[in-house]
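Since the structure is predicted, the reported quantities are computational estimates derived from the model, not experimental observations.
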Amino acid sequence: MPFLGSITHHIASEDKLKKVVKGIVRNYRKELARRQAKEVSFCELPEIVVEKLIVWDDYESEYTTFDVCGTEIRVLDEELAEALKQLPEQSRNIVLMFFFLDMSDSEIGEKLNINRSTSYRHRRNSLEEIRKQLKEKKTNEE
C-alpha cells in the first residue's frame with residue numbers, strides 16, 4: 001500500500017497548494033479594493049491640483065521676452081512677438097500690461113502716469129497696427 005500513501009500525500013499537498021493560492025488571490029483582491037477606495041482618478045482631480053503636478057520645459061529659443069515695469073513677459077508666438085517689437089515702447093507696454101498682466105486701463109494709466117483714455121487709445125491703435133502687420137505677413141506668404 002505504499003502507492004496509496006503516495007496518492008494521499010499528493011492529494012494533501014495539492015489541497016495545501018490550493019489553499020495558499022486562494023489566500024494569495026484573496027489578499028490581492030483586498031489590496032486592490034483598498035487602493036481603489038483611496039485612489040482618485042487623474043481626470044477627477046481638480047484643475048488646480050493638476051496644474052501643480054505639471055512641469056513645462058521652457059527654452060529661451062521658444063519665446064521672446066519683454067520687460068514691462070520690472071515684470072518679465074514671455075510671448076511664445078513668433079509672429080506676435082515680431083509685431084509687438086514694431087510698436088513704440090509705451091504702446092507695446094500698454095498692450096502687454098492689459099493682456100498679459102490683466103491690468104485695466106485705469107491701472108495702466110496710474111502705473112504709466114497717463115490718463116485712462118490715453119491708455120485705451122494706445123491699446124486700440126496698437127491692436128489695429130498688430131492686426132495690420134499680421135494680415136500683411138499672411139498675404140505676403142500666400
key: Flag if over 12 foreign heavy atoms under 6.0 Å of CD, Glu72   = yes

Distance col, row Glu110:CD vs Asn115:CG, nearest 0.5 angstrom, shows 11.5 Å

task = Treating Ile, Leu, Val, Met, Phe, Trp and Tyr as nodes and any side-chain heavy-atom pair under 4.5 angstrom as an edge, say whether Ile114 and Leu96 lie in one connected cluster.
result = yes

With a 4.5 Å cut-off on side-chain heavy-atom distances among I, L, V, M, F, W and Y, is there a chain of contacts connecting Leu127 to Leu112? yes

**OP:** Check the pair Lys30, Arg34 against side-chain contact (heavy atoms from CB on, under 4.5 Å), reporting the backbone distance first and the verdict last.
**Re:** CA-CA 6 Å; Lys30 281 182 183 178; Arg34 185 187 66 78; over 6 Å; no

Under a 4.0 Å N-O cut-off, is there an ion pair linking Glu31 with Arg35?
yes

Could you see if Leu101 belongs to whatever hydrophobic cluster contains Leu84? Use Ile, Leu, Val, Met, Phe, Trp, Tyr and a side-chain cutoff under 4.5 Å. yes

CD (Glu89) and CG (Asp67) are apart, to the nearest 0.5 Å, by 9.0 Å

Where do Thr64 and Lys85 land on the side-chain contact (heavy atoms from CB on, under 4.5 Å) test, with the steps shown first?
-> CA-CA 10 Å; Thr64 303; Lys85 287 179 183 178; 3.6 Å; yes

**Prompt:** Shared ILVMFWY cluster between Tyr63 and Phe100, side chains joined below 4.5 angstrom?
**Reply:** no

* Between Thr118 and His122, does a side-chain contact (heavy atoms from CB on, under 4.5 Å) hold up when you go through it step by step? -> CA-CA 6 Å; Thr118 304; His122 275 282; 3.4 Å; yes

Please tell me whether Gln86 and Glu82 have a donor and an acceptor in their side chains that are separated by less than 3.5 angstrom. no

Taken to the nearest 0.5 Å, the spacing of Met97 CE from Gln90 CD works out to 10.0 Å

